[in-house]
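Sequence lines set the chain letters: A, B, ... in the order given, protein chains first and strands last, and positions in each chain run from 1.
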Amino acid sequence: MWKTILRRVLIMIPQIIILSILVFMLAKAMPGDPFTGSIGPNTDPKQIVALKRAAGLYDPWYQQYWHWIVNLFHGNLGESYTLKQPVTAVLGNRISNTIWLSLLTLIISYAVAIPLGMTAGRYEGSRRDRGIVIFNFITFGVPTFVVFLLGLFLFGYQLGWFPTTGTISADASGFIGEALSRLNHMILPAILAGILGTTSTIQYLRSEIIDSKSQDYVRTARAKGVPTNKVYSRHIFRNSLLPIAAFAGFQITGLIGGSIIVETVFSYPGMGQLFVSSITSRDYSVVTAIVLFTGILALLGSLLSDIIMSIVDPRIRIE
Amino acid sequence: MSEKILLSIKDVSTAFKINGEYYTAIDKVSLDLHQDEVLAIVGESGSGKSTLATSIIGLHNMNATKINGEIDFNGRDILKLNESEFNQLRGNDMGMIFQDPLAALNPLMRIGDQIKETLDVHSDMTENQKNARVHELIDQVGIPNPERVARQFPHELSGGMRQRIIIAIAIANKPELIIADEPTTALDVTIQAQILDLLKDIQQENHAGIILITHDLGVVAEVADTVAVMYAGEIVEQGPVDIIFNEPKHPYTRSLLRAMPTLDTENDDLYVIEGSVPSIKKMDRNSDLFAPRIPWVPVTPGHPEIKEVAPGHLVRGENWKYFKFKDEV
Amino acid sequence: MSVLIEIKDLKVHYPIRSGFWNRVTDHVYAADGVSFEIEAGKTYGLVGESGSGKSTIGKAIVGLEKVTSGQILYKGQDVSKASVRRHMKYNKDVQMIFQDSLSSLNPKKTIYEIIAEPIRNFENLDKSAEKQRIIELLEIVGLSSNAMYQYPHQFSGGQRQRIGIARAISTNPKLIIADEPVSALDLSIQAQVLNFMKKIQRELGISFLFISHDLGVVRHMTENIAIMHLGRFVELGTREDIYNNPQHIYTKRLLSAIPQIDIANRDANKAQRAAIEAQYQAERQNFYDADGLAYPMHKITASHWVSTPPTEKGATK
């Protein structure tokens, strides 16, 4: 199995190279260059050309690309035009904020979706099942930002249960105090996004279970005299959760990529919010870095899914 | 064959709910199975033979199924048992062998664990005893290297090996009754021969009664002691295997035997039974359901009853007495 | 007697990839050096167990399987190449019938469209002539002309198999390859389809290659039979050669495994089967080479070929 995983990792290398070339081209295609902002109306055009030449902007694209890659490996992603800070410094905090929020969202989402999906699948056609299916339609149908805004208004402003902005309170101190404060800031957006994110998991799990129920191996288990509850826990649920587990890698990438709305509404300083603000302020070096990072994350997500799949499904294990 | 009656099926009817209405799949079936007997239930698709098997072992979805009648197994009417009482019986006193051995095994569970599961439910053996029994069973069904096979997954075994594992599961608790539903249909002929021999050996060892569900008359002729021929949910003829093959009476039994390619048919056309099996929704239970397939024979009104024509030989209706094939008329 | 198709040393190998670099480390020898001839208007049976490669050969002849090496000669040209097949309109002359009649018919198309497809591929008929042809074809296979507006799921297994036959004969082919055409059917429907195939074979003079694991059905249907094991032919001969005078141990074993309807001699048959199985296990190495594969075949009579060790003299096939 280790060989499979290692091979899978090696396949990622050309994927990442192609991704980086695409992102580089994208960055080059954007209007303006790093000097556009720092040049005054009285600057000598010759001086601009000299600066550009010094910066290598007239080199062939592959030299520029190489230069960019080398910088990338040194952790140098350029400088944010608007914040006047290295991109890495700007991104650093934001990435961890987003990852924590996404993880919490995913946990809440599974905590809600798995029991609901199991109940709906097991008691297919019952009143409970119909209720869950209706719940699913609602979470699928309502516009995300409306739910976020309503939640923020109700629980944040009206009831005052949760903070309405930021990641941590100014007065939090000590490791535990800070951690609790961070959690407190994440909990409302995570619950709302988590519940909205249950749709596909519930639907998928429900149909997997209904499908598994009529499988021959379930009949074999029943013919062995295995009690119904055990048939469900040992055969039906286990086998139905497999594709869900394998999908987790993609799920988390999707959440990180889709953090724009939730972070914007809750003024949560994560990558999604940064992405929106850097696009509006045309801070291209930050945009490029985020696109590259999300791209790599997507590749990692599919890698994670493949690894989980090869662990849980013996049919995929390759010597 | 011993004198002891193991299973006695009396007037069992099973109906399925389709779009809110119940349709009869098997109609007033009565059968006895003795200890040490191999009873073959033969029929084509739609004859109700698998429904009968599933009714005996109680594997129907009871929300959409109605079973009437009486099934006495060792003196108990098993149709009156609740789910947990039935679970005590299934896998312990009765075992089942299925048609498709790959689908019948959980792809994500090790072979050993799947056999052990039936011991977990029905025995109070220690873990070590169970493991030893699993290895013993794998060995008994003729698979070499039991320790290794117990750790493997179903996809790592061949079709014949998988069917042996299914048999190992069915016989793990030495059941008195084994129901085999098309056990060799998915297998090659050479493997089929081996599996049939294995079933016979196991039966002789355990003194079990076997109900063998099959559409393959060759398989019946090889292993059965008694045969029940089913058509459209009812038994049309029943008797000892040599009588059924050598002196078949009911027009359907005779038609089936004639439709089979044999040595003498090399250059002739095979006999074709006219028409087709009525669908479950269109069966008129007040008529002779096979009559439309032999339209040249005069129809007697009403539903024909099954009667004993010789000791142990039962035939439905009266028209067998004068039935002739078209080319014999 | 005219040879329709000649198969020469046909090999179909599938690569097995493994190891770290996923390189081709071995091959599955699905068909490994098979040669035979199909004569016009005759029937051939290809018998083997699952994994013997019998279906692979059928698919290779119609062009559904990529040939690794060897030749399939039709009218002097090697039709194992797709370009040659297209150029010659080869598949107008060679058609196939599949085992699973439901999945081999497009569920979203009417019977009319299903049968019309090969006609449109190879012939240029106007609308009314095309319709006329389809009505004729449905009549040949015993279905009413109303059937052409219906969909495959509205028919029973036997009817669908006959629709598959109507499609296969729509281009007036010279050879039909039937891959397990009746193994999914009940006995009474099987009889109907087999009779029917025999009838069109006789009346239209079509050659048949009948691929099956069922020795009873093959004996009923075909005059010439090849027994296949692990990608190679072990025995080839007329129906009488194979059933009355089998020479190869594998053929004997296969024949002995067929269930007999002979209640009185049941135990004797079982003992006979056990004896042949013991012989097979004991003599196996005499019939197969060091890799466990069958030797090339040698001619023992004008019609009968058997795979035997190379020490014996004779033409090989």
* Please determine, among C:I263, C:N195, C:L215, the option with the most heavy-atom pairs under 4.5 Å with chain B. => C:N195
* Distance under 6.0 Å and angle within 45° of the ring axis: does B:R254 meet both against B:F323? -> no
* Portion of C:I258 that has a non-hydrogen atom of chain B nearer than 4.5 angstrom -> backbone
* To do: Could you look at C:E277 and say if it's the side chain, the backbone, both or neither that has a heavy atom under 4.5 Å from chain B?
  => side chain
* Do you know which of B:V241, B:V189, B:V219, B:T190 has the most heavy-atom pairs with chain C at a distance under 4.5 angstrom? -> B:T190
* Asked: How about C:E49 and C:H229: does a side-chain donor come under 3.5 Å of a side-chain acceptor?
  -> no
* Quick one: what part of B:V223 sits under 4.5 Å from any heavy atom of chain C, side chain, backbone, both or neither? -> backbone
* Could you tell me whether B:E274 and B:K326 make a salt bridge, using a distance below 4.0 angstrom between a side-chain N and a carboxylate O? => yes
* Is there a donor-acceptor contact under 3.5 Å linking the side chains of B:H250 and B:Y231? -> no
* Asked: Using non-hydrogen atoms only, which part of C:K270 is less than 4.5 Å away from chain B: side chain, backbone, both, or neither?
  -> side chain
* To do: Would you sort out whether C:N265 and C:Q272 count as a side-chain contact (heavy atoms from CB on, under 4.5 Å), showing the intermediate values?
  => CA-CA 10 Å; C:N265 297 315; C:Q272 163 89 355; over 6 Å; no
* **Top of C:H213, C:E223, C:Q192 for chain B proximity - count of heavy-atom pairs under 4.5 angstrom** => C:Q192
* Selection from B:G46, B:A224, B:S255 maximising heavy-atom pairs under 4.5 Å formed with chain C -> B:A224
* Asked: Measuring heavy-atom distances to chain C, does B:E44 have an atom under 4.5 Å in its side chain, in its backbone, in both, or in neither?
  -> both
* Non-hydrogen atoms of chain B under 4.5 Å away: do they reach the side chain of C:R273, the backbone, both or neither? -> side chain
* **B:K49/B:E182 salt bridge by N-O under 4.0 Å criterion** => yes
* **side-chain hydrogen bond (donor to acceptor under 3.5 Å, both in side chains) between B:E37 and B:T226, intermediate numbers included** => CA-CA 8 Å; B:E37 176 182 350; B:T226 46; 2.4 Å; yes
